[in-house]
Amino acid sequence: MTASACSISCCDTDSALLTTIASSAATDYLTSHKPTALAAAQAGVEGYTATLAWGSGFFVVGAVIAALLIPNRALEPSEGEPVMAH
(Lines give C-alpha, C1' and ligand atoms only; values in the text may rest on other atoms or scores of the structure.)
Protein backbone atom coordinates (compact mmCIF):
# COMPACT_ATOMS: atom_id res chain seq x y z
CA MET A 1 0.00 0.00 0.00
CA THR A 2 1.43 3.37 -0.95
CA ALA A 3 1.60 6.34 1.40
CA SER A 4 -1.14 8.17 -0.47
CA ALA A 5 -3.39 5.11 -0.38
CA CYS A 6 -2.80 4.78 3.35
CA SER A 7 -3.61 8.43 3.99
CA ILE A 8 -6.79 8.16 1.92
CA SER A 9 -7.77 5.00 3.79
CA CYS A 10 -7.12 6.64 7.18
CA CYS A 11 -9.16 9.70 6.19
CA ASP A 12 -12.04 7.48 5.13
CA THR A 13 -11.91 5.63 8.44
CA ASP A 14 -11.78 8.86 10.45
CA SER A 15 -14.66 10.35 8.48
CA ALA A 16 -16.74 7.21 8.97
CA LEU A 17 -16.04 7.21 12.70
CA LEU A 18 -16.95 10.86 13.15
CA THR A 19 -20.06 10.45 10.99
CA THR A 20 -21.14 7.55 13.17
CA ILE A 21 -20.63 9.65 16.30
CA ALA A 22 -22.63 12.53 14.83
CA SER A 23 -25.53 10.33 13.73
CA SER A 24 -25.58 8.54 17.09
CA ALA A 25 -25.74 11.84 18.97
CA ALA A 26 -28.51 13.13 16.69
CA THR A 27 -30.48 9.89 17.04
CA ASP A 28 -30.12 9.93 20.82
CA TYR A 29 -31.35 13.52 20.94
CA LEU A 30 -34.33 12.80 18.68
CA THR A 31 -35.40 9.72 20.63
CA SER A 32 -35.44 11.66 23.90
CA HIS A 33 -37.42 14.70 22.61
CA LYS A 34 -40.74 15.31 20.89
CA PRO A 35 -40.42 15.17 17.09
CA THR A 36 -40.62 18.82 16.00
CA ALA A 37 -38.74 20.92 13.46
CA LEU A 38 -36.85 22.60 16.30
CA ALA A 39 -35.89 19.22 17.76
CA ALA A 40 -34.57 18.11 14.36
CA ALA A 41 -32.46 21.25 14.08
CA GLN A 42 -31.18 20.85 17.64
CA ALA A 43 -30.35 17.19 16.91
CA GLY A 44 -28.09 18.38 14.10
CA VAL A 45 -26.37 20.79 16.46
CA GLU A 46 -25.93 18.00 19.01
CA GLY A 47 -24.37 15.82 16.32
CA TYR A 48 -21.90 18.53 15.31
CA THR A 49 -21.09 19.26 18.95
CA ALA A 50 -20.39 15.61 19.72
CA THR A 51 -18.24 15.29 16.60
CA LEU A 52 -16.25 18.40 17.53
CA ALA A 53 -15.68 17.12 21.06
CA TRP A 54 -14.50 13.70 19.91
CA GLY A 55 -12.35 15.14 17.11
CA SER A 56 -10.73 17.54 19.57
CA GLY A 57 -10.09 14.66 21.93
CA PHE A 58 -8.40 12.66 19.16
CA PHE A 59 -6.25 15.69 18.33
CA VAL A 60 -5.18 16.17 21.96
CA VAL A 61 -4.31 12.48 22.32
CA GLY A 62 -2.25 12.67 19.12
CA ALA A 63 -0.47 15.80 20.36
CA VAL A 64 0.41 14.13 23.66
CA ILE A 65 1.71 11.01 21.90
CA ALA A 66 3.78 13.17 19.52
CA ALA A 67 5.18 15.19 22.42
CA LEU A 68 6.28 11.99 24.14
CA LEU A 69 7.77 10.33 21.05
CA ILE A 70 9.51 13.22 19.29
CA PRO A 71 12.88 14.02 20.88
CA ASN A 72 13.11 17.56 22.23
CA ARG A 73 16.88 17.91 22.17
CA ALA A 74 19.52 18.02 19.48
CA LEU A 75 21.00 14.70 18.43
CA GLU A 76 24.59 14.02 19.36
CA PRO A 77 26.95 14.06 16.36
CA SER A 78 28.12 10.66 15.14
CA GLU A 79 31.75 9.58 15.34
CA GLY A 80 33.75 11.36 12.64
CA GLU A 81 30.89 13.67 11.66
CA PRO A 82 31.88 17.34 11.48
CA VAL A 83 30.12 19.61 13.95
CA MET A 84 28.41 22.53 12.29
CA ALA A 85 28.60 25.88 14.08
CA HIS A 86 25.86 28.47 13.83
Heavy-atom nearest pair, A25 first then G47, reads CB-CA, 4.0 Å
Look up atom CG in L52 and atom CG in L18, then write down how far apart they are to the nearest 0.5 Å. 10.0 Å
Give, for atom CG of L30 and atom OG of S23, the distance between the pair rounded to the nearest 0.5 Å. 11.0 Å
Mind running side-chain contact (heavy atoms from CB on, under 4.5 Å) on L17 and W54 for me, showing each step along the way? CA-CA 10 Å; L17 178 64; W54 278 95; over 6 Å; no
ring-ring contact (aromatic ring centres under 6.0 Å, His included) contacts touching residues 12-32 (sequence neighbours left out): Y29-H33
Are there more than 12 heavy atoms of other residues, nucleotides or ligands under 6.0 Å from atom OH of Y48? no
Solution key, residues 34-46 side-chain donor-acceptor pairs under 3.5 Å, sequence neighbours excluded:
| unit_1 | atom_1 | unit_2 | atom_2 | d |
| --- | --- | --- | --- | --- |
| T36 | OG1 | A39 | N | 3.1 |
| Q42 | NE2 | E46 | OE2 | 3.2 |

